[in-house]
Amino acid sequence: MFYEANKPHGLPHNPFKAVVAPRPIGWVSTVSKDGVRNLAPYSFFNAVCDTPPMVVIGSSGYKDSVRNIEETGEFVCNQATLDLADAMNLSSAMVGTDVDEFELSGLTAEPSKLIKAPRVLEAKTALECKLVNVQRLIDIDGNETNSWLILGQVVGVHIDESVLDNGLLNVAKMKPLARLGYMDYSVVDSVFQMDRPVLPEKA
């Protein structure tokens, strides 16, 4: 099938999120300027470069996380893993601004090393980040959308020793979650390797 993205597709649900999959989950922890902690998962999330290390978050709507990041300039991207799936899901609940999702999800807010926003102690990895830019997205016709892009630079990296094997991060042991669209998720529990090919030089 084919459909134009700005016209009805005739399917039960929008397939776009399922087409662009799997997507890592940015489990973002922040603190408001008034000291209220916030924790929320974002499935529009990824790393965008490694020198310097940077991550990007897409938010549909100007949510508490976006406001906190814009006001404080800091956030943490915690790793959502299979063992924390229920807690991650709980933290996605639509609740009031005054609700602490760490308490709601039964998680431990651990102080970060370089920023004020706390990290999830139970997470196997966590990236302490400082804000580079917040941008409201504009469509191809120049119209403002209700979606926001957050670009952050990683300033500190936490890795639990339990997922390190001979100095390498064992992703299969960590079992990170990925979003597949709809209400579907996946888990990475197996990996394989491929070397980059070296092509013969032309004569």
Side-chain angles (χ1 to χ4, degrees), residues 20-31 37-59 64-66 68-69 72-92 100-134 149-180 185-196:
V20 184
R23 301 188 307 279
I25 298 169
W27 202 8
V28 179
S29 53
T30 60
V31 63
R37 298 180 305 213
N38 184 270
L39 179 64
Y42 287 84
S43 66
F44 286 112
F45 163 79
N46 219 315
V48 290
C49 65
D50 62 359
T51 310
M54 290 191 178
V55 295
V56 66
I57 302 164
S59 176
D64 291 343
S65 299
V66 183
N68 291 349
I69 292 170
T72 66
E74 300 177 343
F75 61 98
V76 181
C77 293
N78 305 276
Q79 183 67 66
T81 48
L82 183 60
D83 59 319
L84 299 175
D86 289 339
M88 182 275 297
N89 196 38
L90 268 175
S91 71
S92 72
D100 183 335
E101 286 88 356
F102 280 91
E103 294 182 0
L104 178 68
S105 306
L107 297 165
T108 308
E110 180 74 4
S112 293
K113 297 291 187 182
L114 302 176
I115 64 176
K116 291 182 180 179
R119 65 186 178 93
V120 175
L121 177 63
E122 293 82 359
K124 300 297 189 297
T125 67
L127 306 174
E128 297 185 18
C129 303
K130 290 192 175 182
L131 176 64
V132 173
N133 187 35
V134 174
L149 182 145
I150 300 162
L151 185 65
Q153 183 168 327
V154 179
V155 296
V157 180
H158 298 266
I159 303 175
D160 192 290
E161 296 285 343
S162 67
V163 293
L164 287 175
D165 285 342
N166 300 316
L168 300 177
L169 186 62
N170 187 325
V171 176
K173 182 182 289 186
M174 186 166 60
K175 293 181 170 54
L177 293 175
R179 188 72 187 271
L180 302 178
Y185 292 82
S186 181
V187 59
V188 178
D189 54 11
S190 64
V191 300
F192 65 93
Q193 296 181 340
M194 291 193 297
D195 293 329
R196 181 178 295 180

J.: Are any of the side-chain heavy atoms of Val157 and Thr125 separated by less than 4.5 Å?
T.: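 No - every pair of side-chain heavy atoms lies 4.5 Å or more apart.
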J.: I need the Thr30 OG1 to Arg37 CZ distance, nearest 0.5 Å.
T.: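 Reported value, rounded in 0.5 Å steps: 11.0 Å.
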J.: About how many Å separate CG of Leu82 and CG of Asp189, when rounded to the nearest 0.5 Å?
T.: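 With rounding to 0.5 Å, CG (Asp189) is 8.0 Å from CG (Leu82).
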J.: Would you say that Met54 contacts Val132 through its side chain, given a criterion of any heavy-atom pair below 4.5 Å between the two side chains?
T.: yes
J.: If you look at every heavy atom in Ile25 and Phe45, which pair is closest and at what distance?
T.: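 The answer is C-CD2, 3.8 Å.
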J.: State the CG-NZ distance between Leu151 and Lys130, to the nearest 0.5 angstrom.
T.: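 Between atom CG of Leu151 and atom NZ of Lys130 there are 15.0 Å.
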J.: Are Leu84 and Glu122 close enough, and set up right, to give a side-chain contact (heavy atoms from CB on, under 4.5 Å), and what steps lead you there?
T.: CA-CA 8 Å; Leu84 299 175; Glu122 293 82 359; 3.9 Å; yes
J.: Could you tell me whether the side chains of Asn38 and Asn68 share a donor-acceptor contact shorter than 3.5 Å?
T.: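 Asn68 and Asn38 do not have a side-chain donor-acceptor pair below 3.5 Å.
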J.: On a heavy-atom basis, which atom in Met88 and which in Ala80 lie closest, and how many Å separate them?
T.: CG-CB, 4.0 Å
J.: Would you indicate whether the side-chain heavy atoms of Val163 and Leu169 approach each other to under 4.5 Å?
T.: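 Yes - at least one pair of side-chain heavy atoms lies under 4.5 Å apart.
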J.: May I have all residue pairs that pass side-chain hydrogen bond (donor to acceptor under 3.5 Å, both in side chains) and include part of residues 44-59, sequence neighbours excluded?
T.: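 Checked against side-chain hydrogen bond (donor to acceptor under 3.5 Å, both in side chains) - neighbours excluded - no pair reaches residues 44-59.
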J.: Determine, step by step, whether Asn78 and Ser29 satisfy the side chain to side chain donor-acceptor pair (under 3.5 Å) criterion, reporting the C-alpha distance in whole Å, the side-chain angles of both residues, the deciding distance to 0.1 Å, and the verdict.
T.: CA-CA 7 Å; Asn78 305 276; Ser29 53; 3.1 Å; yes
J.: Search all heavy atoms of Leu131 against all heavy atoms of Ile69 and return the closest pair with its distance.
T.: CD2-O, 3.7 Å
J.: Could you tell me which non-hydrogen atom of Val76 sits nearest to which non-hydrogen atom of Ala126, and how far apart they are?
T.: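 Here Val76 and Ala126 meet closest at CG1-CB, 3.9 Å.
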J.: Could you tell me which non-hydrogen atom of Trp27 sits nearest to which non-hydrogen atom of Gln79, and how far apart they are?
T.: CE3-O, 3.9 Å
J.: Which residues satisfy the side chain to side chain donor-acceptor pair (under 3.5 Å) test with Lys113, sequence neighbours excluded?
T.: none
J.: Rounded to the nearest 0.5 Å, how far apart are CG of Leu39 and OG of Ser91?
T.: 4.5 Å
J.: Is it the case that the side chain of Glu74 and the backbone of Ile115 share a donor-acceptor pair, with hydrogens and angles ignored and the cut-off at 3.5 Å?
T.: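 No, the answer is negative, given that no donor and acceptor are paired below the 3.5 Å cut-off.
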J.: Would you find more than 12 non-hydrogen atoms of other residues, nucleotides or ligands less than 6.0 Å from Asp86 atom CG?
T.: no
J.: Hey, could you give me the CG/CG distance between Asn170 and Leu164, rounded to the nearest 0.5 Å?
T.: 9.0 Å
J.: Search all heavy atoms of Thr81 against all heavy atoms of Lys124 and return the closest pair with its distance.
T.: CG2-CG, 4.3 Å
J.: Kindly compute the distance separating CZ (Phe102) from CD (Glu110), expressed to the nearest 0.5 Å.
T.: 10.0 Å
